[in-house]
K.L.:
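One structure is given below, represented as structure tokens, and several questions about it will come after.
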Amino acid sequence: MTDNLLEDFRQLGLVAQASSEEALETHLRSGSRTVYAGFDPTADSLHIGNLVPLLALRRFQLAGHRPILLVGGATGMIGDPGGRNTERELKTREQVIRSLDRIRAQASRFLDFDCGDNSAVVVDNAQWTESMTVIDFLRDIGKHFSVNAMIAKESVRRRIEDDSIGISYTEFSYMILQSYDFVVLNRRYDCTIQMGGSDQWGNITAGIDLIRRMEGKQAYALTYPLLTRSDGSKFGKSTGGAIWLDASMTSPYAFYQFWRNASDDDAVKWLGIFTFLDSVEIERLATAMAQDPGARAAQITLADEVTRLVHGDEGLATARRISEAMFANSLGSLEADDLSQLALDGLPVTMSSGQVTLMEMLVESGLAVTPRGEVTLGQARKLIKGNAVSINGIKITDEDYVLDADNALFGRYHILQKGKKNHHLVVQKSKDPGFH
RNA sequence: GGAGGGGUUCCCGAGUGGCCAAAGGGAUCAGACUGUAAAUCUGACGCGUAAGCUUCGGUGGUUCGAAUCCACCCCCCUCCA
């Protein structure tokens, strides 16, 4: 780490655009600053996409600055024209408060909320937006915006030029609300920097302009590149959807596997963004990977580091334990205790009693999902026919195969595998009252 | 309010009376090859073992037969007012 935070960010690949870079550098060096990033409260948990700004905020905090997490209780109801054009659901007051708490709880893994002057803060923009009257809005804020300029913004122009979608006035106004957020934070917290994805550039600079007009002050923008995977697909999705930070929504094991599966092209890049390893170490891993890509050194380190960051040492340990068992071809060496531990560790489990056909079990376990997301017997059949199913490490092609105590490990465990990476544990119910 | 253009299976997008469960591409899932990578190739991709059943904005209608024709309605876009 140098004493130049912006330069560090640049080296980590965290900078897409920055406003008046030299002035921003000086600004950051000359005192403790306040920086904010917005978070959408639409989901039940933060996901790994949110990890990028979250960890960037942590870097700010480690460098002595104060991070603010702005939860879009108000703007979340509207929808950013830059984002998907699906209608937003209105959030009730309680929902927003709940997600506020949740975001604070999840963010507290990375940010310090109790360290004096640069403690992290969570705020909700509904606080100052909700009670504003239309007249106030138009008179005090709206007049500062030139429609000509707004139309010229990339995010808006794209929507206007696309004949099939268009843009509603509501969405069009999103930029104004976000700009006003920046003004309020500037007033209340002396917040001078806003960070966001590169798609936020237009909105952020609009905020800077508004601060100049209303407050006569200088503010700064910093955007990070939106992550795409090297194959162009959307970052953060995996089989079955988003990767959440909440352990009950995405198990530490699944979380770990996501990172461990990173492509070669992504792995090194992600080490910079998602871990706090120093550049020497990252460099070393990059070299190691170039020499022996099969060893997957970068992926393993990436998975270790990020999982530890999000789920702690214990979460990492269980994730690794399952991974070892499932991928190291060591099914045969597992003891009964190991298998029951896997269940406790968060490998997906289904209980069964007596005899069940393989097809039924594929459905019950949810492994037989169609590409469309439904779970059907037909899909189960196709998978078996397609040579995709194994039990306890052995391919099964018999559609009539039946799971029972006789072909189970230790009389009660079946490890059901679909494809290469989907594992499921089936446990025969026992009369043993100690087990449930 | 007026004129015009649209709404097709997860997405894009063909299809304008039977050969349509609906071309093609993407996404997704699986197989092969590998390194739990990428690329590539193969298969699947509404439900069902099958017979068959349910789809093309909605509701009715014409027809032996409709995604395709007609009526009304809903929604989206463009231009005009």
Side-chain angles (χ1 to χ4, degrees), chain A residues 81 83-87 158-172 228-243 253-271 285-286 288-304 307 319-331 347 357-360 362-363 365-390 393 395-401 415-424:
Chain A
R84 279 274 147 254
N85 57 313
T86 44
E87 279 300 312
R158 212 178 33 244
R159 290 286 293 275
I160 291 178
E161 282 169 2
D162 187 339
D163 282 355
S164 62
I165 310 177
I167 181 170
S168 72
Y169 179 73
T170 306
E171 281 187 277
F172 182 63
T228 50
R229 280 195 261 177
S230 53
D231 60 5
S233 63
K234 203 169 179 181
F235 173 78
K237 302 280 182 195
S238 117
T239 322
I243 307 291
Y253 163 67
F255 186 87
Y256 177 87
Q257 282 296 324
F258 170 81
W259 300 103
R260 180 128 183 186
N261 273 306
S263 71
D264 291 3
D265 290 341
D266 292 330
V268 173
K269 201 168 67 186
W270 290 358
L271 278 170
L285 286 164
M289 173 129 97
Q291 281 167 356
D292 182 10
R296 305 174 69 77
Q299 281 92 335
I300 293 172
T301 308
L302 176 69
D304 283 356
T307 306
R320 291 197 62 135
R321 204 151 47 220
I322 301 180
S323 300
E324 284 300 308
M326 292 305 119
F327 289 96
N329 271 336
S330 57
L331 287 186
L347 185 70
T357 66
L358 174 56
M359 294 234 290
E360 284 168 22
L362 284 170
V363 170
S365 63
L367 286 175
V369 280
T370 62
R372 236 181 152 200
E374 289 163 302
V375 180
T376 66
L377 267 180
Q379 179 69 6
R381 185 171 286 111
K382 276 175 196 157
L383 289 170
I384 296 172
K385 272 190 196 152
N387 205 29
V389 178
S390 308
K395 286 280 183 195
I396 304 292
T397 48
D398 176 10
E399 290 179 31
D400 299 321
Y401 192 91
I415 291 173
L416 204 53
Q417 182 179 350
K418 175 186 85 158
K420 230 186 278 191
K421 300 175 192 169
N422 303 286
H423 299 90
H424 197 99

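For the numbers below, each heavy atom of this structure counts, side chains included, while hydrogens, waters and symmetry mates do not. Keep in mind that what you see is a predicted model, and the values were worked out from it rather than measured. Chain A is the first sequence line, chain B the second, and so forth, proteins listed ahead of strands; every chain is numbered from 1.
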K.L.:
So what's B:rA23 paired with, Watson-Crick or G-U wobble, going by both distances under 3.5 Å?
P.N.:
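Answer to the pairing question: none, since B:rA23 forms no Watson-Crick or G-U pair.
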K.L.:
So A:Tyr253 and A:Arg321, do their side chains get closer than 4.5 Å, heavy atoms only?
P.N.:
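No - every pair of side-chain heavy atoms lies 4.5 Å or more apart.
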K.L.:
Work out how far the P atom of B:rU36 is from that of B:rC77, and round it to whole angstrom.
P.N.:
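Each nucleotide's P atom is 50 Å from the other's.
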K.L.:
Any side-chain heavy atom of A:Phe258 sitting closer than 4.5 Å to one from A:Phe255?
P.N.:
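The answer is no, as the side chains (C-beta and beyond) never meet within the 4.5 Å cut-off.
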K.L.:
Roughly, in whole Å, what's the span from CE in A:Met289 to P in B:rA37?
P.N.:
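Atom-to-atom, A:Met289 to B:rA37, this comes out as 13 Å.
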K.L.:
Side chain of A:Asn261, heavy atoms from C-beta onward: which of B:rU36, B:rG48, B:rG31 has the nearest atom to it?
P.N.:
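The listed nucleotide nearest to A:Asn261's side chain is B:rU36.
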K.L.:
On a heavy-atom basis, which atom in A:Ala267 and which in A:Leu302 lie closest, and how many Å separate them?
P.N.:
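Nearest heavy atoms, A:Ala267 then A:Leu302: O-CD2, 4.2 Å.
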K.L.:
With nearest nucleotides of RNA chain B determined for A:Gly378 and A:Gln257 from heavy-atom distances, which residue corresponds to the more 5′ nucleotide?
P.N.:
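Result: A:Gln257.
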K.L.:
Write down the distance separating the P atoms in B:rC11 and B:rG58, rounded off to the nearest Å.
P.N.:
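Going atom to atom, P in each nucleotide, I get 14 Å.
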K.L.:
If I pick the P atom on B:rU55 and the same atom on B:rU59, what distance separates them, to the nearest angstrom?
P.N.:
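Approximately 9 Å lies between the P atom of B:rU59 and that of B:rU55.
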K.L.:
Considering Watson-Crick and G-U wobble pairs with both distances under 3.5 Å, what does B:rC69 pair with?
P.N.:
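Across all strands, the one nucleotide that pairs with B:rC69 is B:rG61.
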K.L.:
When you get a sec, tell me which of B:rA38, B:rC47, B:rG48 is the closest nucleotide to the side chain of A:Ser263?
P.N.:
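Side chain of A:Ser263 sits closest to B:rA38.
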K.L.:
For the side chain of A:Asp264 and the base of B:rG35, is some donor closer than 3.5 Å to an acceptor across the two?
P.N.:
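Check passes, donor-acceptor contact within cut-off.
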K.L.:
For nucleotides B:rA67 and B:rG57, find the distance between their P atoms and express it as a whole number of Å.
P.N.:
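These two P atoms come out 10 Å apart once rounded.
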K.L.:
Give none if B:rA3 has no partner; otherwise give the nucleotide forming a Watson-Crick or G-U wobble pair with it, both distances under 3.5 Å.
P.N.:
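Paired with B:rU78.
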K.L.:
Pick the C1' atom in B:rG18 and in B:rA37, then give their distance to the nearest Å.
P.N.:
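The same atom, C1', in both gives a distance of 50 Å.
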K.L.:
Sequence neighbours left out, what passes side-chain contact (heavy atoms from CB on, under 4.5 Å) with A:Thr397? Give chain and number order.
P.N.:
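Partners of A:Thr397 under the side-chain contact (heavy atoms from CB on, under 4.5 Å) test: A:Asn387.
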K.L.:
Roughly how many Å is it from CD1 in A:Ile396 to P in B:rA30, rounded to a whole number?
P.N.:
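Computing the A:Ile396:CD1 to B:rA30:P distance gives 18 Å.
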K.L.:
Taking B:rG60 as the reference, what is the distance to B:rU54 when you measure between their P atoms (whole Å, please)?
P.N.:
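So the two P atoms sit 15 Å from each other.
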K.L.:
In this structure, how many angstroms lie between the C1' atom of B:rC10 and the CD atom of A:Gln379, rounded?
P.N.:
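Whole-Å distance recorded here is 15 Å.
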K.L.:
What N/O pairs connect the protein and nucleotides 50-55 of chain B at under 3.5 Å? Give each pair on its own line.
P.N.:
none

K.L.:
Look at the side chain of A:Asn387 and decide which nucleotide, out of B:rG31, B:rG35, B:rA44, has an atom nearest to it.
P.N.:
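The answer is B:rG31.
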K.L.:
If pairing requires Watson-Crick or G-U wobble contacts with both distances under 3.5 Å, which nucleotide is the partner of B:rG43?
P.N.:
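The answer is B:rC29, by the H-bond criterion.
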K.L.:
State whether A:Thr370 places a side-chain N or O below 4.0 Å from either non-bridging phosphate oxygen (OP1 or OP2) of B:rG46.
P.N.:
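For B:rG46, OP1/OP2 do not have a side-chain N/O of A:Thr370 under 4.0 Å.
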K.L.:
Ignoring the backbone of A:Arg296, work out which of B:rG35, B:rG48, B:rC29 is nearest its side chain.
P.N.:
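Side chain of A:Arg296 sits closest to B:rG35.
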K.L.:
So A:Met326 and A:Ile415, do their side chains get closer than 4.5 Å, heavy atoms only?
P.N.:
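A side-chain contact exists here, since the closest heavy-atom pair is under 4.5 Å.
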K.L.:
Using a 4.5 Å cut-off on heavy atoms from C-beta on, say whether the side chain of A:Gln379 contacts that of A:Leu362.
P.N.:
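They are not in contact (no side-chain heavy atoms under 4.5 Å apart), so the answer is no.
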K.L.:
Taking the side chain as everything from C-beta on, heavy atoms only, tell me whether A:Ile322 gets closer than 4.5 Å to A:His423.
P.N.:
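No; the side chains remain at least 4.5 Å from each other.
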K.L.:
For the side chain of A:Leu383, starting at C-beta, report the closest nucleotide among B:rG48, B:rA37, B:rC29.
P.N.:
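Between B:rG48, B:rA37, B:rC29, the one nearest the side chain of A:Leu383 would be B:rC29.
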K.L.:
Select base, sugar-phosphate, or nothing to describe what A:Glu399 touches, counting heavy atoms under 4.0 Å on all strands.
P.N.:
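No contact at all - A:Glu399 keeps every heavy atom at 4.0 Å or more from the nucleic acid.
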K.L.:
Rounded to whole angstroms, how far apart are NZ on A:Lys421 and C1' on B:rG31?
P.N.:
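These atoms are roughly 14 Å apart.
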K.L.:
Quick one: CZ on A:Arg296 to CG on A:Asp264, what's the gap to the nearest 0.5 Å?
P.N.:
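These two atoms lie 6.5 Å from each other.
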K.L.:
Starting from P on B:rU28, measure out to NZ on A:Lys418 and report it in whole angstrom.
P.N.:
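Interatomic distance, NZ of A:Lys418 to P of B:rU28: 13 Å.
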K.L.:
To the side chain of A:Leu377, which of B:rG48, B:rG31, B:rC45 is closest?
P.N.:
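Looking only at heavy atoms from C-beta outward on A:Leu377, the closest nucleotide is B:rG48.
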K.L.:
From A:Gln299 CD over to A:Gln257 CD, what is the distance, rounded to the nearest 0.5 angstrom?
P.N.:
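So the CD of A:Gln299 and the CD of A:Gln257 are separated by 11.5 Å.
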K.L.:
How many Å lie between CG on A:Leu362 and C1' on B:rA44, as a whole number?
P.N.:
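Taking atom C1' of B:rA44 as the reference, CG of A:Leu362 is at 16 Å.
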K.L.:
Rounding to an integer number of Å, can you tell me how far A:Asp292 CG sits from B:rU36 C1'?
P.N.:
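So the two atoms are 15 Å apart, to the nearest Å.
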K.L.:
Between B:rG25 and B:rA32, how many Å separate the two C1' atoms, rounded to a whole number?
P.N.:
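Between the two C1' atoms, the distance is 24 Å.
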K.L.:
Does the side chain of A:Tyr256 reach to within under 4.5 Å of the side chain of A:Asp304, using non-hydrogen atoms?
P.N.:
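Touching, per the 4.5 Å side-chain cut-off.
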K.L.:
Would you mind reading off the distance between A:Ile384 atom CD1 and B:rG43 atom P, rounded to a whole angstrom?
P.N.:
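Rounded to whole Å, this separation is 22 Å.
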K.L.:
If you assign each of A:Arg381 and A:Arg260 to its closest nucleotide in RNA chain B, which residue comes earlier from the 5' end?
P.N.:
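Between the two, 5'-proximity favours A:Arg260.
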K.L.:
Please report the distance separating the C1' of B:rU8 from the corresponding atom of B:rU16, rounded so that it comes out in whole Å.
P.N.:
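The same atom, C1', in both gives a distance of 12 Å.
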K.L.:
Under 4.0 Å, heavy atoms only, any strand: does A:Lys395 hit a base, just the sugar-phosphate, or nothing?
P.N.:
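Sugar-phosphate, backbone atoms only, no base.
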